[in-house]
Amino acid sequence: MDIEEDGSCMQMDTDDLITNGDISESMGKLIIDESSSSTFKKKPVIIFLVGMEGSGKTTFLRRLVCYTQAWNISGYVINLDPAVTNLPFGANIDIRDTVRYKEVMKQYNIRANSAILTSFNLFATKFDEVISAIKNRADQLDYVLVDTPGQIDIFTLSASGAIITEAFASTFPTVVTYVVDTPRSQSPTTFINNMLYACSILNKTGLPLVLAFNKTDVAQHQFAFQWMKDFEVFRAALASENSYTSNLTQSLSLFLEEFYKNLRTVGVSAVSGAGIDGFFQTINASANEYLEIYRSDLDKGQIEKPRLVDERCKEYMDKLRKEMEKTKGDMVALSTSLKDREGNTMNMSVKECVEGDDDFFGRYTDDEEFTDGDEDGDEDEALASFCT
Ligand SMILES: Nc1nc2c(ncn2[C@@H]2O[C@H](COP(=O)(O)OP(=O)(O)OP(=O)(O)O)[C@@H](O)[C@H]2O)c(=O)[nH]1
């Protein structure tokens, strides 16, 4: 089935081009007014998975999906990575149903990373629809699991990443999980690079942060806990690395001591399933922290209400426009059709959040051919075998 002829949800269509004005309108919808505190929901808990490329975010998310299914916990899955070719779980909302980054690349003759960023920006302009879809189901959901782009900066440093994070954080308890590749982090320099990233995310979002040391089936994580607890142990490990940046790494570790003190950490294996119970306990504790600290500060006005502040929103819009101009994507657009996936983690109605004309549902496979939803059966089988 050819998506271009079919006219289905993922098609890039010049009739659907949106202008900056349209973006503003869409962004305007994201502005939560003074009465918004009444729209705040205590559940579901939003779990953002971020981390370096290859740290295992997608595999970990799949493990979490298996866990929620096994324990009858109601989860909802969102994929925000426009470039992922093969998603090993069914996403209820998938950015790829809204925008094809390869089309953006072709149409605007831009490189892959720019196209991914542009696609992400475009999706952010429609994020109010995602928030509404989840709000409508809030009573039935416990967790929303969000996979983010492999290129960590696209999510953590872009204006759209901030828009998406804040849209969630002003409506639901929200926790960021930074997934660490434990075997790789056995190198003190790689470890510190990860900690710096995690620290900057904490600094930027102000949200509770959980460090999930993944791949513990390959390397246990206790060394990392030791390094965070005792600088001398870290220094000894660094001495054996003999790196020309070791003085800097050493200073950075000292600098991070305060950050380590306020962190929640857990060791997990996305492959074996080890540590997942502990992970959810940590998430629940972090969600309570969100309610006790972040939310109450927000309500008391001690921290800036993200979308109550016109200026801040305007600043985002300007940044977003600049990014889109840079990537020549300021006039790109798409027909959105955020679709729930029937028969996946939730048996929800597709209709409510579909802005489209039919029940058509499709997927890009590895070879970029569009297929209909018939592979769901296979996916369920694969999921079942993975979950054992
Ligand atoms: N041994 C082991 N391998 C894992 C684990 N989690 C992920 N992997 C492997 O690590 C590789 C990367 O995993 P992904 O889930 O694709 O990582 P990602 O962070 O989503 O990757 P990007 O989307 O590129 O950022 C794959 O080969 C996985 O099979 C784990 O817990 N143990």
Side-chain angles (χ1 to χ4, degrees), residues 47-68 70 75 77-91 93-96 99-102 111-113 115-117 119-120 123 145-158 161 164 176-187 190-191 193-195 197-198 200-201 209-225 265-280 282 345 363-366 368 379 382-383 385-388:
I47 306 175
F48 276 110
L49 294 183
V50 296
M52 301 274 199
E53 266 180 286
S55 57
K57 298 178 289 298
T58 305
T59 316
F60 185 52
L61 203 153
R62 182 171 183 168
R63 173 57 63 187
L64 299 180
V65 169
C66 293
Y67 184 92
T68 53
V77 183
I78 300 180
N79 172 45
L80 292 182
D81 187 350
V84 68
T85 48
N86 188 18
L87 212 54
F89 48 79
I93 293 174
D94 191 335
I95 187 171
R96 298 173 306 166
V99 59
R100 291 178 68 184
Y101 92 98
K102 286 208 169 167
R111 283 164 178 257
N113 276 358
I116 293 170
L117 177 59
S119 305
F120 195 64
F123 193 70
L145 308 167
V146 188
D147 199 8
T148 59
Q151 295 80 353
I152 187 170
D153 294 349
I154 287 183
F155 182 73
T156 56
L157 299 180
S158 68
I164 288 173
V176 178
T177 296
Y178 186 89
V179 180
V180 183
D181 186 326
T182 311
R184 283 190 172 191
S185 298
Q186 286 172 300
S187 146
T190 308
F191 174 81
N193 286 341
N194 264 298
M195 295 305 110
Y197 252 114
S200 81
I201 292 166
L209 181 82
V210 173
L211 282 192
F213 285 89
N214 189 29
K215 309 192 186 180
T216 55
D217 56 299
V218 177
Q220 281 297 318
H221 54 286
Q222 279 78 9
F223 75 90
F225 289 8
T265 49
V266 62
V268 294
S269 166
V271 165
S272 74
I276 305 298
D277 272 333
F279 172 75
F280 274 102
T282 311
T345 49
R363 155 84 22 258
Y364 286 93
T365 55
D366 282 342
E368 289 297 311
E379 193 162 78
L383 192 64
S385 70
F386 183 91
C387 292
T388 52

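We count ligands from 1, going down the list as the structure has it; atoms in each ligand are counted the same way.
- Using cut-offs of 30° and 60° for the angle between ring planes, the Phe155 and Phe48 rings count as tilted.
- Residues Val180 and Met195 approach most closely at CG2-CE, 4.5 Å, considering heavy atoms.
- A heavy-atom separation below 4.0 Å is found between Gly54 and ligand 1.
- The only option from Ile276, Thr282, Asp277 that meets the side-chain contact (heavy atoms from CB on, under 4.5 Å) definition with Phe280 turns out to be Ile276.
- Put simply, CG on Asp153 and CD1 on Ile116 are 12.0 Å apart, with the number rounded to the nearest 0.5 Å.
- When only non-hydrogen protein atoms are considered, atom 25 (O) of ligand 1 lies nearest to Lys57 NZ, 2.7 Å.
- Under the 30°/60° scheme for interplanar angles, the aromatic rings of Phe213 and His221 are found to lie parallel.
- Nearest protein heavy-atom contact of atom 20 (O) of ligand 1 is Thr58 OG1, 2.8 Å.
- Asn214 ND2, 3.1 Å is the protein heavy atom nearest to atom 6 (N) of ligand 1.
- Atom 11 (C) of ligand 1 has Lys215 NZ, 4.0 Å as its closest protein atom, hydrogens excluded (heavy atom only).
- Ligand 1 has no nitrogen or oxygen under 3.5 angstrom from a nitrogen or oxygen of Thr216.
- The nearest protein heavy atom to atom 27 (O) of ligand 1 is not closer than 4.0 Å.
- Interface of Ser269 with ligand 1, defined as ligand atoms under 4.0 Å from a residue heavy atom, comprises 31 (O).
- For ligand 1 and Ala270, the ligand atoms under 4.0 Å from any heavy atom of the residue are 6 (N), 30 (C), 31 (O).
- Counting only non-hydrogen atoms, the option in Thr85, Thr182, Val268, Asp217 that gets closest to atom 2 (C) of ligand 1 is Asp217.
- Among Thr59, Val50, Asp147, the residue whose heavy atom sits closest to atom 16 (O) of ligand 1 is Thr59.
- Between Leu64 and Phe60, the closest side-chain pair of non-hydrogen atoms falls below 4.5 Å.
- Atom CG of Asp81 sits about 6.5 Å away from atom CG of Asp147, to the nearest 0.5 Å.
- Partner of Ile47 under the side-chain contact (heavy atoms from CB on, under 4.5 Å) criterion, out of Leu145, Val210, Val176: Leu145 alone.
- Side chains of Ser185 and Asn194: a donor on one and an acceptor on the other come within 3.5 Å.
- Under 4.0 Å from ligand 1, the heavy atoms of Val218 that appear belong solely to its side chain.
- In this structure, atom 3 (N) of ligand 1 lies nearest to the protein heavy atom Val271 CG2, 3.8 Å.
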